[in-house]
There are 2 protein chains.
Amino acid sequence: MTIKDIARLSGFSVGTVSRVLNNHPDVSDDTREKVMAVVREHDFQPNTNAKHLKMQAKSSIAIMVKGTNNMLFADILEKAQSLLMENGEEAVIAYLDEDANEVEHAIRLTRERRPKGLMFLGGDLEYFRESFDRISLPSVLLTHNASELGFPNLSSLTTDDTAAASKVIDYLVSQGHKSIGVLGGNPSNSQISHSRIVGCASSFEKNSLDFDPDKQCEPCRFSMADGYSAAKRLIAKNPDVTAIFALSDVIAIGAIRALQDLGRQVPEDISVVGYDGVPLSRYSVPRLTTVRQDASFMAKRGVEMLLHRIHNKRPAVHEIVPFQLVHGESVDRTEKIT
Amino acid sequence: MTIKDIARLSGFSVGTVSRVLNNHPDVSDDTREKVMAVVREHDFQPNTNAKHLKMQAKSSIAIMVKGTNNMLFADILEKAQSLLMENGEEAVIAYLDEDANEVEHAIRLTRERRPKGLMFLGGDLEYFRESFDRISLPSVLLTHNASELGFPNLSSLTTDDTAAASKVIDYLVSQGHKSIGVLGGNPSNSQISHSRIVGCASSFEKNSLDFDPDKQCEPCRFSMADGYSAAKRLIAKNPDVTAIFALSDVIAIGAIRALQDLGRQVPEDISVVGYDGVPLSRYSVPRLTTVRQDASFMAKRGVEMLLHRIHNKRPAVHEIVPFQLVHGESVDRTEKIT
DNA sequence: CTGAAAGCGCTTACAG
DNA sequence: CTGAAAGCGCTTACAG
């Protein structure tokens, strides 16, 4: 069933049928009615390929999800997809490994798919610096600040990771902790974790505490399994830490499990702070003290920014989303630590 | 840049360029080389819309994810998407509400997108019965058995929910539990939970225990938040249960949190069993005793089944995936329960 | 308000 | 092995 069949069946030309289908104003009501009757009767749906070919139209929004097992991204993704759907846009989603090059992938996908816009959930700024100039589509990067890159078509939306990390360390220090470990992330300075480490360092300095990354930091990927083993490594090399700052909630969950397995209770024996504020952090035992990034808001704002850029050719913007230190049950004051 | 430009630049006809691009055998090596040189130089990528239009080709595989917050589906989804990508297929993903009509959504998406095949992650058999006859695409339904529906183009892959649920109840009974509550699912008999409830009922009967659904079951959606409130409702109406079978791990996690908040320790005061075997179940405190469904396997097999049906026109098949009762730390014998 | 016609960028018999 | 040409299903000036 094509537009041609509808034309024949309704007695009008394909041009007129096309106009009816696209709600073109200059069609008589009578004609519109008759054509639509046939369309409805046959449940006709125009061929998107032909339409797009003719209109040189882009199809859909492509979303790169960097890193699997990332609950925050899963959260944002779902909401973004729903919002896109409400706006009549389709989402093509690609899950990438935490170490994959999302920009190269996007370039490939862009050629094949010709999407209208790109959304990146996480990413490595280094990859953007290297090859994002080959992308001219409106794009938005979430949970990373891309302002320093200066690409005119790349907006970004992020919490102030440095400030948030500082606040976490400040808080732990205020609770009497002096020996604090940091779990997660990649030492490379282009990774999402770098600014968080920077925030930690500045807080340690402000509080006149030494900060020896080799001794206090244990890098790991963003998953429960990696958090689990990283926590064990940290405790092995630095058994006297009284608090751990995990760079994501899933890492924190893995770490808490590891600590329990080592016979250390949280928070009685050791405190743990997470990052992200995923739903799980409200249901874990103990509930997590964590930095909450507002997934709903990020999804909403991210989609808005992207759609604005697509439809109104607005310039790229870089926004900071407020964060919130949510108090759970995973932190104790040191004097209470046995 | 179109195939026409490449033809002009390389000195061959568009037909020849097309043949080179599609690895058609009858092109001379010399020609192939020359054309490819131009293609590479300009980083040319053919227009998918035109290609698809011409080839009447379907694009991509559409995946409907039924219910948000479902960790098992998130797991399967990621793996399925990777496998599809390896096979050169693209995944268009739609997250649907747990109560949405996935079949209607698929029908709409099929018209607009013309995918090659459909994958359903969860679903309501009633919706399939009502309207799946309007879909003629190769499809596969995961975590549900669609054999009784008899659609020739709908395969399915599921664990034996009834047997698994029976085994859980048998196990709890063997540990001395007589007052067992069931959390989650929808009482409607077309829902994923129905066969699990049936399994419970048959086990209760076999063990000569009464089973009063009104008193022992508390329906809820598949999320931590709903598991949390459902557990509270269950305890309120039936305070003497010594064990709870949650119809999914996320429900179990919510339930454990609720029990803790009510001052009941798991498993010391009350035992909890989950369902799904998501990674979190290995890292929660306590670790969950749960029915493990193999997400990797289901993803792999599901994709295989779908691709086979698409390429080889094989008939629909309905397979049962083995399950496994994984022992964690969330179940105790009643004599030890205080 | 409507029709006839060109053309979007490809693929693929058909000839040679 | 290669080219010329038809045609996939649409949209949209251009006429009238």
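Reminder, nothing fancy here: chain letters follow the sequence lines and each chain counts from 1.
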### Task
Let me have a per-nucleotide readout for nucleotides 11-16 of chain D, 5' to 3', with B, S or -, counting only protein heavy atoms under 4.0 Å.
BBB---
## Note on the structure
The salt bridge (charged side-chain N to carboxylate O under 4.0 Å, His left out) partners of Asp133(B) (sequence neighbours excluded) come to none
Who passes side chain to side chain donor-acceptor pair (under 3.5 Å) against [X], sequence neighbours left out?
X: Gln81(B); answer: none
X: Arg19(A); answer: none
X: Ser155(A); answer: none

### Message
Is the phosphate of dG3(D) approached by Ser13(B) (side-chain N or O, under 4.0 Å from OP1 or OP2)?
### Response
yes
### Query
Would you say dT2(D) has OP1 or OP2 under 4.0 Å from some side-chain N or O of Thr31(B)?
yes
Rounded interatomic separation in angstrom, taking [atom1] from [X] and [atom2] from [N]:
X: Asn47(A); N: dG9(D); atom1: CG; atom2: C1'; answer: 6 Å
X: Lys4(A); N: dG7(D); atom1: NZ; atom2: P; answer: 9 Å
X: Ile6(B); N: dC10(C); atom1: CD1; atom2: P; answer: 9 Å
X: Asp5(A); N: dC8(D); atom1: CG; atom2: P; answer: 11 Å
X: Phe12(B); N: dG3(D); atom1: CZ; atom2: P; answer: 6 Å

### Pairing of Asp294(A) and Lys79(A) as salt bridge, 4.0 angstrom limit
no
### Query
Taking NZ, NE, NH1 and NH2 as the nitrogens, is one of them in Lys66(B) or Asp124(B) under 4.0 Å from a carboxylate oxygen of the other?
no
Taking side chain to side chain contact (heavy atoms under 4.5 Å, CB included) as the test, write out the residues that go with [X], two or more places apart.
X: Leu9(A); value: Val38(A), His42(A)
X: Val65(A); value: Ile63(A), Phe73(A), Leu77(A), Ile93(A), Tyr95(A), Leu121(A)
X: Asp30(A); value: Ser28(A), Lys34(A)

### Task
Take atom C1' in dG16(D) and the same atom in dT12(D), then report the distance between them in whole Å.
16 Å
### Task
For nucleotides dA6(C) and dT2(C), find the distance between their P atoms and express it as a whole number of Å.
23 Å
### Query
So what is the 5' to 3' dot-bracket string for DNA chain D, if pairs are Watson-Crick or G-U wobble with both distances under 3.5 Å, crossing pairs use [ ] and | means the partner sits on another strand?
|||.||||||||.|||
### Query
From the list dT2(C), dG3(D), dC10(D), which nucleotide is the closest neighbour of the side chain of Phe44(A)?
dC10(D)
